[in-house]
Asks: 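Before I ask anything, here is the structure I am working with.
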There are 2 protein chains.
Amino acid sequence: MDSDVDGERIALLRFVERFALALREAGMAPMPARVIAFALADDADRYTAGELARGLGVSPAAISGAVRYLVHVGLLLREREPGTRSDLYVLDDRDLWSRYMTAELALLQRFVQILDGGIEAIGLDRPGGRRLAETRDFMAFLDEEMGEAVRRWPAERDRRAAARSAEASPAG
Amino acid sequence: MDSDVDGERIALLRFVERFALALREAGMAPMPARVIAFALADDADRYTAGELARGLGVSPAAISGAVRYLVHVGLLLREREPGTRSDLYVLDDRDLWSRYMTAELALLQRFVQILDGGIEAIGLDRPGGRRLAETRDFMAFLDEEMGEAVRRWPAERDRRAAARSAEASPAG
DNA sequence: AACACCGTTCACAATTTCGTGAAAGGCGCG
DNA sequence: CGCGCCTTTCACGAAATTGTGAACGGTGTT
């Protein structure tokens with residue numbers, strides 16, 4: 001029955017839309033969200049821009065900006081195979097999310113800077129200034145904690161992957 | 001000299017815009033971002049909708065949806081003083097950010113659910129499925145780590161506040 | 001050296017989102 | 001019980017964003 005590849009494809013695209021929707025709620029633009037969702041869920045580990053466009057059924061033009069953003073935030077790597085005329089967008093899945101979170105943490109540091117400016121302008125002798133200071137402390141704390149978590153992730157990932165394969169083939 | 005209150009007000013609004021811009025990059029809509037930035041930085045610890053509208057120089061209509069969202073995510077509390085006809089929006093600054101983060105963590109749990117569905121549909125025997133599983137593990141890990149960090153925050157906040165006042169009046 | 005192919009950029013059309021103004025709804029007060 | 005104030009809701013106009021189609025640029029191929 002050829003394991004109807006068409007049904008699998010629409011199931012894949014359905015998941016892509018669901019996942020992309022959640023990514024959008026987390027602040028990502030629609031097209032980058034779709035592209036990274038598709039790249040993750042489909043089976044290749046490297047795609048040309050054209051493959052992404054055909055796979056998602058969107059125009060190549062829409063891919064361009066999306067992959068630029070995704071490369072910028074570290075979710076895709078751009079590579080070039082010698083002797084070919086198209087860039088390859090690579091999922092470096094070992095450190096994918098670490099890199100992404102590291103980029104996200106920069107936003108937290110920006111919060112801290114902006115708040116420092118506000119505290120200086122308002123002064124710690126005012127209720128507003130004290131609240132900004134407390135907010136600043138929280139952002140800095142979160143930045144430290146998440147930075148440490150990201151650093152722990154590689155080891156944790158291996159442990160969970162091992163647990164998953166142990167569960168798949170329990171040896172005792 | 002009356003410490004020109006007008007200059008202070010525009011300085012305040014300038015900070016509000018800067019802070020709100022960063023909040024927008026983190027995914028918040030413009031008006032809620034401005035409202036919470038203003039509420040934090042100004043000196044009152046409770047505001048009516050009208051005060052927020054006048055303070056920001058926007059229409060009361062714009063406040064309505066913004067405060068509904070902010071109450072929903074836990075950044076503002078709605079209160080009602082007996083014998084008055086307007087709700088009060090209160091900054092409960094002691095647990096403000098803890099509550100907010102807790103709400104944010106729900107999004108991470110949703111990621112995990114969506115990814116579980118995708119893994120089931122695609123299967124762990126395919127590269128895409130394995131990548132989704134790794135992504136799922138990361139989201140779950142981050143959820144746990146951030147949850148713990150949020151739980152540690154109250155104690156950490158007090159420690160940092162104490163350090164700040166010690167710095168302000170060094171006693172030895 | 002001209003061709004063919006692929007990705008990017010540009011300008012446009014369509015959708016969505018945002019904030020305002022006007023009308024409606026509650027609630028306390030006279 | 002009616003009035004007045006404050007908030008909310010609704011519909012609209014404006015502005016920003018999104019994705020497409022067409023032209024452009026670069027690169028390998030014949």
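Side chains included, hydrogens not; waters and symmetry mates left out as well; all remaining heavy atoms used. Source: prediction; values computed, not measured. In what follows, chains are A, B, ... by sequence order, proteins preceding strands, each numbered from 1.
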Asks: Rounded to whole Å, please give me the gap between OH in A:Y89 and P in C:dC6.
Replies: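 The distance from OH of A:Y89 to P of C:dC6 comes to 15 Å, rounded to the nearest Å.
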Asks: Classify the nucleic acid contact of A:R78 as base, sugar-phosphate or nothing, counting any heavy atom under 4.0 Å across all strands shown.
Replies: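 It contacts sugar-phosphate atoms only.
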Asks: So what does A:R68 touch, heavy atoms closer than 4.0 Å: a base, only the sugar-phosphate, or nothing?
Replies: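 Sugar-phosphate: the residue A:R68, judged by heavy atoms under 4.0 Å, touches backbone atoms but no base.
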Asks: Just call it for B:S86: base, sugar-phosphate, or nothing, with non-hydrogen atoms closer than 4.0 Å on any strand.
Replies: sugar-phosphate
Asks: What's the closest nucleotide to the side chain of B:P30 if the choices are C:dC18, C:dT8, D:dG19?
Replies: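 My answer, after comparing the listed nucleotides, is C:dC18.
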Asks: At under 4.0 Å between heavy atoms, what does A:R24 touch on the DNA or RNA strands: base, sugar-phosphate, or nothing?
Replies: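 A:R24: no heavy atom of the nucleic acid under 4.0 Å.
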Asks: Output yes when at least one side-chain N/O atom of B:T48 is less than 4.0 Å from OP1 or OP2 of D:dT7, else no.
Replies: yes
Asks: Would you kindly give the CG-to-C1' distance between A:L88 and C:dC6, to the nearest whole Å?
Replies: 12 Å
Asks: Which label fits A:W153 and B:F138: parallel for a plane angle under 30°, tilted from 30 to 60°, or perpendicular past 60°?
Replies: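 A:W153 vs B:F138 ring planes: perpendicular.
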Asks: Between atom CD1 in A:I63 and atom C1' in C:dG7, what is the gap in whole Å?
Replies: 11 Å
Asks: A:L21 has an atom CG; how far is it from atom P of C:dT16, in whole Å?
Replies: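 Taking atom P of C:dT16 as the reference, CG of A:L21 is at 13 Å.
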Asks: Is the count of non-hydrogen atoms from other residues, nucleotides or ligands lying under 6.0 Å from A:E120 atom CD greater than 12?
Replies: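 Counting neighbours around CD of A:E120, 12 or fewer heavy atoms of other residues, nucleotides or ligands fall under 6.0 Å, so no.
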Asks: Within the 4.0 Å heavy-atom criterion, would you say B:A49 contacts the bases, only the backbone, or no part of the nucleic acid?
Replies: sugar-phosphate
Asks: Starting at atom CG of A:D87, determine the distance to atom P of C:dT9, rounded to an integer number of angstrom.
Replies: 11 Å
Asks: Which whole-number value in Å describes the distance from B:R54 CZ to D:dT7 C1'?
Replies: 12 Å
Asks: So B:F19 and B:F15, would you call those rings parallel, tilted or perpendicular, with 30° and 60° as cut-offs?
Replies: parallel
Asks: To the nearest angstrom, how far is B:E51 atom CD from D:dC5 atom C1'?
Replies: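 It is 14 Å, rounded to the nearest whole Å.
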Asks: Below 4.0 angstrom, N of the basic side chain to O of the carboxylate: do A:E134 and A:R130 qualify?
Replies: no
Asks: Does B:A62 reach a base, just sugar-phosphate, or nothing at all? Heavy atoms under 4.0 Å.
Replies: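 Here B:A62 touches the bases of the nucleic acid.
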Asks: In whole angstrom, give the distance that lies between atom CE of B:M31 and atom P of D:dA16.
Replies: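 In whole Å, D:dA16 P lies 14 Å from B:M31 CE.
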Asks: Roughly how far, to the nearest 0.5 Å, is OH of A:Y100 from CG of A:L76?
Replies: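 Between A:L76 CG and A:Y100 OH, I get 12.0 Å after rounding to 0.5 Å.
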Asks: To the side chain of B:A61, which of C:dA22, C:dC27, D:dT18 is closest?
Replies: C:dA22
